[in-house]
Amino acid sequence: MKDKFYQYIQDLQDFITVTLETIDGKASFQEDIWNRPEGGGGRTRVIENGNVFEKGGVNISGVHGKLPKSMQAYFNVGDVDFFACGLSLVIHPKSPMVPTVHANWRYFEMYDTDGTIVDQWFGGGQDLTPYYLFEEDAKHFHEVCKTACDKHNPDFYPKYKGRCDEYFHNAHRNEARGIGGLFFDYCKTSDDMTMENWYNFVTEVGDSFLDAYVPIVENRKELPYTEANRAWQEIRRGRYVEFNLVHDKGTLFGLKTNGRIESILMSLPPHVQWVYDHQPEAGSEEEKLLEVLKNPKDWV
């Protein structure tokens with residue numbers, strides 16, 4: 001399973017980066033191949049200063065070795081070996097009319113001293129973070145997510161949409177990071193789902209990503225915007241940074257397993273503002289966004 005999924009994310013990384021380069025028309029992804037001293041490595045691809053994309057990364061990794069002590073406590077296990085692989089992407093467009101997007105699809109195994117798998121699971125999801133709310137974009141993104149889920153289980157979309165709303169939440173701000181999508185984790189063998197079933201589901205979601213995001217980019221990338229729009233985008237990007245550094249489990253896992261810092265922190269936007277006690281004007285488009293972030297809604 002690990003070889004099969006690692007091949008899948010390599011192919012998906014190629015497809016996504018080629019597609020985004022075509023949309024941008026100017027910038028291309030810079031590639032870094034890196035090795036982890038304790039075992040494994042990855043392929044980081046970053047795009048910067050394009051026509052459409054100000055900064056973005058589409059990264060894959062496959063790491064293995066002894067599970068660090070800090071993570072043994074987290075998983076409540078003893079001295080075990082592990083393998084983890086995944087694709088993680090964050091795209092920060094230049095225009096505040098185009099939303100930031102994040103996606104991740106991953107697989108994890110743990111082994112006993114004999115090398116026997118003692119636990120394995122999939123996780124992942126995809127979510128949208130707009131700076132200006134176009135309701136038709138939110139509906140489109142969620143419809144694509146729901147279609148992918150419904151092919152496998154009609155209960156998946158409401159369950160994983162709800163978990164996304166719960167997870168991508170800046171509790172210290174009492175607001176969501178964005179308008180959600182899907183979030184699933186610890187997808188293990190059960191009476192209803194084999195690991196092969198989970199592989200089929202996760203790859204279905206992965207394959208749906210470009211269908212969910214690209215039409216939104218194409219519809220919004222040429223819209224005019226002002227310096228005030230851009231300032232709002234940078235203030236909201238600050239909330240994005242806060243979530244990634246304070247709450248995100250993926251960031252925490254990468255830092256605690258001696259992950260590659262540049263790859264872990266590539267998710268951070270290049271231009272950000274923190275304005276003291278900033279409040280949008282009553283009745284403004286900015287306030288409209290905040291209302292939805294404070295009260296997540298069902299889009300489909």
Side-chain angles (χ1 to χ4, degrees), residues 20 23-27 46-58 88-103 126-142 164-165 168-170 172-181 209 212-248 251 265-297 299:
L20 296 181
I23 293 169
D24 189 87
K26 173 187 173 185
V46 173
I47 191 169
E48 293 181 295
N49 302 316
N51 287 327
V52 178
F53 305 118
E54 187 170 16
K55 183 186 176 188
V58 183
S88 183
L89 69 84
V90 177
I91 304 296
H92 293 290
K94 183 163 64 174
S95 169
M97 301 301 156
V98 183
T100 285
V101 73
H102 159 260
Q126 52 205 39
D127 61 281
L128 199 67
T129 303
Y131 304 100
Y132 287 90
L133 182 64
F134 297 93
E135 295 202 0
E136 59 268 38
D137 293 352
K139 290 175 182 176
H140 167 78
F141 191 85
H142 279 270
C164 189
D165 289 340
F168 292 105
H169 184 77
N170 265 329
H172 63 284
R173 296 281 188 182
N174 192 31
E175 64 185 32
R177 188 176 80 174
I179 55 95
F209 169 74
Y213 187 55
V214 168
I216 297 172
V217 177
E218 296 286 12
N219 287 341
R220 306 300 170 196
K221 66 181 183 178
E222 303 294 343
L223 292 179
Y225 59 88
T226 66
E227 285 300 314
N229 298 145
R230 175 72 176 175
W232 171 249
Q233 177 195 42
E234 293 180 355
I235 291 169
R236 294 308 309 170
R237 282 175 170 182
R239 305 292 199 263
Y240 200 93
V241 171
E242 289 175 22
F243 178 85
N244 281 26
L245 296 184
V246 175
H247 301 296
D248 188 64
T251 301
L265 298 183
M266 70 84 201
S267 65
L268 304 183
H271 300 286
V272 187
Q273 292 189 46
W274 279 273
V275 177
Y276 179 76
D277 196 26
H278 183 271
Q279 302 293 333
E281 290 185 19
S284 65
E285 289 298 309
E286 291 82 1
E287 186 184 62
K288 176 183 171 184
L289 174 70
L290 279 189
E291 285 300 313
V292 169
L293 298 183
K294 290 184 180 296
N295 301 284
K297 60 184 289 186
W299 296 102

Would Gln233 and Arg230 count as having a side-chain donor-acceptor pair, cut-off 3.5 Å?
yes
Any side-chain heavy atom of Leu289 sitting closer than 4.5 Å to one from Tyr132?
no
Parallel, tilted or perpendicular for Phe209 and Tyr213, by the 30°/60° rule?
parallel
Going by heavy atoms in the side chains, are Val98 and Tyr225 under 4.5 Å from each other?
no
Evaluation steps, side-chain contact (heavy atoms from CB on, under 4.5 Å), between Arg173 and Val246
CA-CA 12 Å; Arg173 296 281 188 182; Val246 175; over 6 Å; no
In the structure I gave you, are the side-chain heavy atoms of His142 and Ile179 within less than 4.5 Å of one another anywhere?
yes
Between His102 and Tyr240 (judged by ring centroids, cut-off 6.0 Å), do the two rings come close enough to count as a pair?
no
Evaluate Glu48 against Phe53 for side-chain contact (heavy atoms from CB on, under 4.5 Å), listing each step before the verdict.
CA-CA 7 Å; Glu48 293 181 295; Phe53 305 118; over 6 Å; no
Please report the shortest heavy-atom distance between His247 and His172, naming the atom on each side.
NE2-ND1, 3.1 Å
Nearest-0.5 Å distance that lies between atom CG in Asp165 and atom CG in Asp127:
10.0 Å
Which pair of non-hydrogen atoms, one from Ser88 and one from Met266, has the smallest distance, and what is that distance?
O-CE, 4.0 Å
Considering all heavy atoms of both residues, which atom of Ala27 and which atom of Asp24 are nearest to each other, and what is their separation?
N-OD2, 2.8 Å
Please step through side-chain contact (heavy atoms from CB on, under 4.5 Å) for the pair Asn229 and Thr226, ending with a clear verdict.
CA-CA 5 Å; Asn229 298 145; Thr226 66; 3.1 Å; yes
To the closest 0.5 Å, what do you measure between NE2 (His271) and CD (Glu54)?
4.5 Å
Got a second to check how far Leu133's CG is from Lys288's NZ, nearest 0.5 Å?
5.0 Å
Starting at CD1 of Ile47, measure out to CG of Leu20 and round the result to the nearest 0.5 Å.
7.0 Å
Do the non-hydrogen side-chain atoms of Ile216 and Leu128 ever get within less than 4.5 Å of each other?
yes
So do Leu290 and Pro280 actually touch side chain to side chain, heavy atoms under 4.5 Å?
yes
Audit row: Leu268, Arg237, side-chain contact (heavy atoms from CB on, under 4.5 Å) steps and yes/no
CA-CA 8 Å; Leu268 304 183; Arg237 282 175 170 182; over 6 Å; no
Could you tell me the separation between the CG atom of Leu265 and the CG atom of Leu245, rounded to the nearest 0.5 Å?
7.0 Å
Tyr131 and His92 have their tightest heavy-atom pair at OH-ND1, 4.1 Å
Validation row: Pro93, Lys221 side chains within 4.5 angstrom (heavy atoms):
no
From Asn219 atom CG to Met97 atom CE, the distance as rounded to the nearest 0.5 Å:
14.0 Å
A side-chain contact here means heavy atoms from C-beta on lying under 4.5 Å apart; do Asn244 and Arg177 qualify?
yes
State whether the number of non-hydrogen atoms from other residues, nucleotides or ligands found under 6.0 Å of Glu136 atom CD is greater than 12.
yes
Is the closest side-chain heavy-atom distance between Asn49 and Lys55 below 4.5 Å?
no
Ignoring hydrogens, what is the shortest heavy-atom contact between Arg220 and Asp137? Give both atom names and the distance.
NE-OD2, 2.8 Å
Which heavy atom of Gly180 sits nearest to which heavy atom of Phe141, and what is that distance?
O-CE2, 3.7 Å
